[in-house]
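Everything numeric here is computed off the predicted structure, so don't read it as measured data. Sequence lines set the chain letters: A, B, ... in the order given, protein chains first and strands last, and positions in each chain run from 1.
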Protein chains: 2
Amino acid sequence: MSNCRQCIIKRFNALKTLTNEELECISEHKTSLIIKKGENLMTEGNAINGLYCIKDGKGKLTKLNTNGKEQIIKFIKGGDILGHRSILSEELVGLNAIALEDMHVCFIPKGDIMDTIKENNLFSLSLMKNISHQLNEANTSISQMAQKPVKDRLAETLLHLEDIFGVDNEGCIDVLLTREEIANTIGTATESAIRLLSNLKKDGVIDLIGKRIKISNKNALKNISEGY
Amino acid sequence: MSNCRQCIIKRFNALKTLTNEELECISEHKTSLIIKKGENLMTEGNAINGLYCIKDGKGKLTKLNTNGKEQIIKFIKGGDILGHRSILSEELVGLNAIALEDMHVCFIPKGDIMDTIKENNLFSLSLMKNISHQLNEANTSISQMAQKPVKDRLAETLLHLEDIFGVDNEGCIDVLLTREEIANTIGTATESAIRLLSNLKKDGVIDLIGKRIKISNKNALKNISEGY
DNA sequence: GAAATAAAATGATTTTTATCATATTTTAAA
DNA sequence: TTTAAAATATGATAAAAATCATTTTATTTC
């Protein structure tokens with residue numbers, strides 16, 4: 001089992017604030033797991049008894065609607081932490097975390113997290129900062145969902161995906177999503193998402209290389225996302 | 001100037017965890033202010049240098065869209081605290097806080113808040129709990145905005161408003177909103193909101209008494225909000 | 001208390017988006 | 001490698017929601 005002190009992924013999250021002593025302690029209690037593509041790491045409505053730190057891999061956070069449709073709330077990748085919201089609010093898990101590709105994840109028991117929150121002020125502050133930032137993003141998202149037309153939201157989402165996942169060696173957004181998943185992110189029907197992607201391609205704003213998407217005119221896409 | 005130790009509104013928020021000593025200190029530094037109906041307490045994009053505690057009055061948290069339209073993200077009332085998200089994430093204020101009626105508000109400087117976070121673990125935990133809960137609510141909101149039709153969202157919003165503000169002595173939801181504000185909450189055109197309210201009245205689910213709204217069949221409204 | 005202004009209500013029409021149907025392409029499985 | 005299944009694509013149509021126009025009703029303001 002690897003040691004948390006040596007793990008460099010933690011520099012991207014609140015665990016970077018832990019002392020060597022705290023890291024040793026957590027190392028002893030943590031477990032590592034592999035989540036295969038399509039599998040759930042967390043499930044909506046369940047209790048959670050620890051914090052997950054994603055070492056590697058991409059995933060989606062989703063919510064199942066009353067009509068049975070999936071809504072993608074957020075994308076996750078290596079360096080992200082999960083489960084702290086539920087632990088801190090003492091509520092059940094609110095979202096499903098599903099692997100988009102195989103993920104390596106570490107699990108740290110709740111007790112250790114709570115102990116560290118009590119002992120290490122920098123850790124508390126870092127967690128608060130993380131959640132506060134997420135809340136701000138969520139509020140922006142509410143506004144955009146409520147007021148922007150589907151085309152604008154699609155443009156916004158493509159820019160956002162490139163921001164999070166970067167591009168591969170051909171310049172394509174480096175995450176493989178089905179058209180349905182794109183639709184479930186922007187909140188529209190799959191056919192509508194497909195149609196709008198085709199339009200963006202026709203207008204020379206993006207390229208569709210199989211399932212992969214390449215943003216060929218970022219400025220145009222930005223304008224579209226802002227309603228021009 | 002009143003003393004925070006005597007103030008009972010704090011039992012509704014994180015300030016309830018403060019020691020008498022901390023309360024004395026904050027009492028000395030706090031300022032009280034009155035925000036008249038329609039005035040801004042916080043403004044999107046501004047820096048903030050403290051935390052607001054609402055003693056009394058109702059308000060809305062809004063976001064201005066690129067198209068100039070207002071989106072209402074959340075309603076606030078006595079007992080709520082504001083500004084902590086921005087302080088904790090070290091980001092600019094993300095939302096406008098606008099009084100729906102005259103509000104009494106206390107302002108506590110950032111320095112005192114940060115000192116207390118460092119000294120009082122219960123306070124930190126309580127703040128985290130508050131923001132974590134808000135994040136969960138926001139995620140639910142994203143999902144509903146993205147996937148529920150306008151009628152369902154209106155039903156949902158009416159139930160939510162009654163939950164937050166309660167009812168007056170005639171059983172009407174105890175907050176006065178314009179039809180435009182209702183539309184800006186559910187993310188639709190004012191005319192659509194008006195039309196759907198009229199339909200709900202025609203169907204005997206709600207009553208419209210002037211500008212006020214009375215839920216006359218809560219179960220029916222719940223069903224509508226869930227798409228039945 | 002009358003005039004002016006703003007808000008609410010409703011009809012007609014257009015635009016946007018979803019649904020249904022079907023064809024084509026891609027991926028997975030036998 | 002062939003077949004089956006799933007995903008993508010596109011057209012036609014229906015439904016939902018926005019916009020524009022106008023009237024009625026409240027609310028301010030002088």
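- The side chain of B/Arg179 lies closest to C/dA9 when the candidates are D/dT19, D/dA9, C/dA9.
- Counting heavy atoms of neighbouring residues, nucleotides and ligands inside a 6.0 Å radius, atom NZ of B/Lys16 exceeds 12 of them.
- Counting non-hydrogen atoms of other residues, nucleotides and ligands closer than 6.0 Å to NZ of A/Lys151 gives a total of 12 or fewer.
- One interatomic measurement links the two molecules: CG of B/Leu176 to C1' of C/dA7, which rounds to 13 Å at whole-angstrom precision.
- Atom CD of A/Glu180 is separated from atom P of C/dA18 by 14 Å (rounded to the nearest Å).
- For A/Arg195 and C/dT19, a side-chain-to-base donor-acceptor distance below 3.5 Å is present, hydrogens and geometry of angles not being considered.
- Distances shorter than 4.0 Å separate some side-chain N or O of A/Thr188 from OP1 or OP2 on C/dA18.
- Summarising the geometry, the separation between NZ on B/Lys151 and P on D/dA15 is reported as 15 Å, rounded to the nearest angstrom.
- Defined by atom type and a distance below 3.5 Å, a donor-acceptor pair is present between the side-chain atoms of A/Ser89 and A/Arg85.
- Spacing between atom CG of A/Leu196 and atom C1' of D/dG11 amounts to 15 Å, rounded to whole angstrom units.
- Rounded to an integer number of Å, the gap from CG of B/Asn184 to P of C/dA8 is 12 Å.
- Counting to the nearest Å, the P atom of C/dA6 and the CD1 atom of B/Ile194 are 16 Å from each other.
- We find that CG of B/Leu208 is positioned 14 Å from C1' of C/dT10, with the value rounded to whole Å.
- Of the candidates D/dA18, C/dA18, D/dA7, D/dA7 carries the atom nearest the A/Lys211 side chain, counting heavy atoms from C-beta on.
- Minimum atom distance to the side chain of A/Ser198 is reached by D/dT10, of the listed D/dT10, D/dC20, D/dA18.
- B/Lys63 places a side-chain N or O within donor-acceptor distance of the main-chain N or O of B/Gly94, the cut-off being under 3.5 Å.
- In this structure, B/Thr178 does not reach the C/dA7 phosphate: none of its side-chain N or O atoms is under 4.0 Å from OP1 or OP2.
- A salt bridge links B/Asp168 with B/Arg212: the closest approach of a Lys/Arg side-chain nitrogen to an acidic carboxylate oxygen falls below 4.0 angstrom.
- Ranked by how close their nearest DNA chain C nucleotide is to the 5' end, B/Leu177 and A/Glu191 are led by B/Leu177.
- Distance, A/Asn199 CG to D/dA9 C1': 12 Å, rounded to whole Å.
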